[in-house]
Amino acid sequence: MTTSPSFADLTTIGVGGRIARFEQPTSRVGIIEAVEDADGKGVPLCVIGGGSNMLVADADFDGIVVRDARQEIVVLDEAAPVEGGDTTVHISADAGTNWDDLVAFSIQIGLEGIEGLSGIPGTVGASVVQNIGAYGQEVATSVFAVEVWDRESKVVRTLSSEDMGFGYRTSALKRSMYASAGNVAGQRNPFFPTPRYVVLSVSFALRHSDTGVVAFDQLARALRVDIGERVSTQLLRDQVLAVRAAKGMLEDPHRYRKQWMQSMRRSENIAQALSALERFTASASGSDSWDRNRCSCGSFFMNPVLSQTQATLLPLEAPRFPAKLRDGSAGVKTSAAWLIDHAGFRKGFALHEGARASLSTVHTLALTNRGDASCSQILDLAVAVRDGVESKFGVRLVPEPVLVGGIAI
């Protein structure tokens, strides 16, 4: 009987080799001990969440993979807010908590602040490493503190939101995996593919309110309101899920019924969560191709942040949004999906007919596994897209997923 899964069993794109040793600790001490065991033996360590933001090599992983099985959510502020006073409420969640379970819980108890991040696959721990964001929100704006195990100093630390060094799809934790702190896709350091700081729990500062701000144009149009208006947080969540479904950006809910994924949703929430996800995906399409569109890492490339000089070289019709460069100066963010599409890589693009890897048929930013694709086939497609965009626009796209197992593009 198989005692360890492969990365193909654990990742949303369904790619990756067999794992030598797989552990799912159920206590805080157990997480630390598992990490220390790997570090003490000098073997590769991969702390994995939902497996949605990683692409892993086809070769076997000769190391230890640790997945936090803890899923407790605690409301830290018991007193109801005084009318007209501070409405902040702090909640804490174990790193292994399913992210969307946390979003649903916060809305259920009447809190706003993370409803725009509905439907993002993964765990609470991974959310702060990546600084997930969507539809006008980033997790950074709601994080109060992060409890971590420091693999170098071998102590538990509590990092403030400021300590986390959040940036666009990055954090101090993510940067700690790489030799150059400013290059999140550069040379790896000895901690890779896990940060120096392993997340144990995260506390969030949310607000008492059953309404939230519509902060994204696409949501405003769908809801027929103006940007900045307030609507029900549950309505916002439902609309975000519907939009993500239409883009093929909701993970396959059936994966949580498989052997190695059953423990990844809180038992009291799993039936309700699966029903909701299935409802929104079914409303978009019931075809097999839709299922395959969900076999991805999500957005494979980050939206480029350019200097103002670089941005002047883009076509006039290219999307432009205010952004900050690494040095804090003003920059311009453009759309990776727009660049890919206008470089000639349309929805469903594949390197050849019958290829097992292709762009999603509903969104150019997702590279999908059409059935038993290998990591090398996904990488070949990624390189073709990256090089094509660079040739057309002079912009080099950077992958968003963590690339594990000695692979790179």
Side-chain angles (χ1 to χ4, degrees), residues 53-55 117 120 122 125-146 148 150-152 157 159-199 202 215-216 297-314 318-340 365 382 385-387 389-390 392-404 408-409:
N53 196 52
M54 60 194 311
L55 180 65
L117 306 179
I120 296 178
S127 75
V128 294
V129 175
Q130 179 70 1
N131 186 21
I132 59 174
Y135 304 109
Q137 289 183 341
E138 281 187 335
V139 76
T141 61
S142 296
V143 169
F144 180 73
V146 181
V148 299
D150 184 342
R151 297 168 65 193
E152 184 172 279
R157 299 186 184 276
L159 306 178
S160 68
S161 180
E162 291 74 21
D163 294 331
M164 287 293 292
F166 287 120
Y168 171 60
R169 299 300 174 270
T170 191
S171 66
L173 275 59
K174 185 173 181 178
R175 291 189 291 271
S176 74
M177 292 193 292
Y178 299 93
S180 172
N183 185 0
V184 296
Q187 183 180 356
R188 286 90 168 196
N189 70 18
F191 296 117
F192 190 87
T194 294
R196 166 183 166 177
Y197 306 96
V198 174
V199 180
V202 181
F216 196 77
C297 300
S299 298
F300 195 88
F301 293 105
M302 291 189 284
N303 290 323
V305 178
L306 310 174
S307 69
Q308 293 182 339
T309 300
Q310 289 173 312
T312 62
L313 303 178
L314 293 174
R320 290 170 170 80
F321 308 96
K324 286 186 178 180
L325 301 174
R326 290 196 186 115
D327 62 5
S329 61
V332 177
K333 182 165 68 174
T334 190
S335 166
W338 189 94
L339 295 176
I340 292 168
L365 201 48
V385 171
R386 180 204 63 187
D387 290 352
V389 168
E390 186 170 25
K392 177 76 171 180
F393 298 110
V395 176
R396 191 174 183 85
L397 296 179
V398 175
E400 186 170 318
V402 178
L403 305 180
V404 180
I409 68 168

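Quick caveat, the model's predicted, so the values are computed rather than measured. Heavy-atom basis, side chains included; hydrogens, waters and symmetry copies ignored.
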Item checked: Criterion side-chain contact (heavy atoms from CB on, under 4.5 Å) on F166 and V143, from CA distance to verdict -> CA-CA 10 Å; F166 287 120; V143 169; 4.1 Å; yes
Notebook entry, point to check: For V395 and L314, what are the C-alpha separation, side-chain angles and deciding distance, and is it a side-chain contact (heavy atoms from CB on, under 4.5 Å)?
Noted result: CA-CA 9 Å; V395 176; L314 293 174; 4.2 Å; yes
Check: Stepwise, does the side-chain contact (heavy atoms from CB on, under 4.5 Å) test hold for V128 with S171?
Finding: CA-CA 7 Å; V128 294; S171 66; over 6 Å; no
Note to self: Evaluate F301 against V389 for side-chain contact (heavy atoms from CB on, under 4.5 Å), listing each step before the verdict.
What the structure shows: CA-CA 11 Å; F301 293 105; V389 168; over 6 Å; no
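Judged purely by atom type and a 3.5 angstrom limit, R157 has no side-chain atom pairing as donor or acceptor with the backbone of Y197. At distances below 3.5 Å, at least one donor-acceptor pair connects side-chain atoms of T334 with backbone N or O atoms of P319. A donor-acceptor pair under 3.5 Å is formed between the side chain of N131 and the backbone N or O of A140.
Across every non-hydrogen atom of L325 and A330, the tightest pair is CD1-O, 3.9 Å. Closest non-hydrogen pair, P399 versus M302, comes out as O-CE, 3.9 Å. Taking both residues in full, the closest heavy atoms of S176 and L173 are given as OG-O, 2.6 Å, listed atom of the first, atom of the second, then distance. Here the closest non-hydrogen pair linking V198 and P195 is CG2-O, 4.2 Å. Annotation for A311 and R320: closest pair O-NH2, 3.0 Å, computed over non-hydrogen atoms. In terms of heavy-atom proximity, C297 sits nearest to N53 at O-OD1, 4.3 Å.
A distance of 6.0 Å separates CZ of F192 from CE of M177, quoted to the nearest 0.5 Å. S127 OG to L117 CG: the interatomic distance, rounded to the nearest 0.5 Å, is 8.5 Å. Atom-to-atom distance recorded for I120:CD1 and Q130:CD is 9.5 Å, nearest 0.5 angstrom. The CZ atom of R396 lies 14.0 Å from the CG atom of L339; values are rounded to the nearest 0.5 Å. The OG1 atom of T312 sits 9.5 Å away from the CG atom of L306 when rounded to the nearest 0.5 Å. In this structure, CD1 in I409 is found 5.0 Å from CZ in F300, a value given to the nearest 0.5 Å.
A heavy-atom distance below 4.5 Å is found between the side chains of R151 and T194. Inter-residue side-chain proximity for V129 and V402 is flagged as unmet; no heavy-atom pair is nearer than 4.5 Å.
Scanning for salt bridge (Lys or Arg N to Asp or Glu O under 4.0 Å) contacts around E138 gives R169, with sequence neighbours left out. For F144, the ring pair (Phe, Tyr, Trp, His ring centres under 6.0 Å) test picks out H90, with sequence neighbours left out. Contacts of R196 classified as salt bridge (Lys or Arg N to Asp or Glu O under 4.0 Å), with partners at least two apart in sequence or in another chain: D150, E152.
Between F216 and Y135, the angle of the ring planes goes over 60°, which puts this pair in the perpendicular group of the 30/60° scheme.
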